[in-house]
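Each remark here refers to the structure printed beneath this line.
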Amino acid sequence: MNSISPEQPSPSTTLPASAGAVSDASAERVGEGETTIKDGVIAKVASLAVREVDGVHALGSVPTRALGAILDAVTSTDVNPGVSIELDDDGVTVQIVLVAGYPVPLTDLAGQVRSSVTRAIEGLVGMPVSAVNVTITDIYVAEEQVDNGVD
């Protein structure tokens, strides 16, 4: 009886010298395919950009945040309360609703939010931003502990 066993693979494989090298022709060629970025992803990028701005206490109004927390718990989906987007021929229009921290200058805060959201969407998503509309619905004031004289 003859026993034929397959040849064991060698522990290393020698590749041609040109393997992994990018030729000029392949560097200029764009691969075929389609990229789809869902609206929710763009809204999440905007949401993350807003949260990075000092002086933003929370996104969304109180009812919106409460509804978002309920939806998130029930559906296990990622909800971006306080952020909505619209796509048109000019690019992305972003609506931001937020609560500011006290004592942040509100017009400066809105400008910083616009700048952060625009940089994030244009840089990460690659889409032009036509407008970022900021609505400040409230100001958060941290409660101080009250000394009522009781020990």
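Computed from heavy atoms alone, side chains included, the values below leave out hydrogens, waters and symmetry copies.
Closest approach of T36 to E34, counting heavy atoms only: OG1-OE2, 3.5 Å. Closest approach of A46 to V83, counting heavy atoms only: CB-CG1, 3.9 Å. Residues D54 and Q112 share a closest heavy-atom pair of O-OE1, 4.0 Å. Among all heavy-atom pairs drawn from L87 and M127, the shortest one is CD2-CE, 3.7 Å. D90 and D88 make their closest contact through N-OD1, 2.9 Å (heavy atoms, listed as atom of the first residue, atom of the second, distance). Between L59 and P81, the closest heavy-atom pair is CB-O, 3.3 Å.
A chain of hydrophobic side-chain contacts below 4.5 Å, direct or via other Ile, Leu, Val, Met, Phe, Trp or Tyr residues, connects V132 to L124. Cluster annotation: V129 and L48 are assigned to distinct hydrophobic clusters (Ile/Leu/Val/Met/Phe/Trp/Tyr, side-chain heavy-atom contacts under 4.5 Å, transitive).
Taking S130 as the reference, T93 meet the side-chain hydrogen bond (donor to acceptor under 3.5 Å, both in side chains) condition, with sequence neighbours excluded. Residues meeting the side-chain hydrogen bond (donor to acceptor under 3.5 Å, both in side chains) test with S47, sequence neighbours left out: R51.
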Inset, instruction - Using the side chain to side chain contact (heavy atoms under 4.5 Å, CB included) rule, take V41 and V125 through it: C-alpha gap first, then chi angles, then the decisive distance, then the call. - result: CA-CA 9 Å; V41 173; V125 179; 5.5 Å; no
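For the pair L106 and I139, the minimum side-chain heavy-atom distance is below 4.5 Å.
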Could you list the donor-acceptor pairs under 3.5 angstrom formed by side chains in residues 94-104, with sequence neighbours left out?
unit_1, atom_1, unit_2, atom_2, d
Q95, OE1, N133, ND2, 3.4

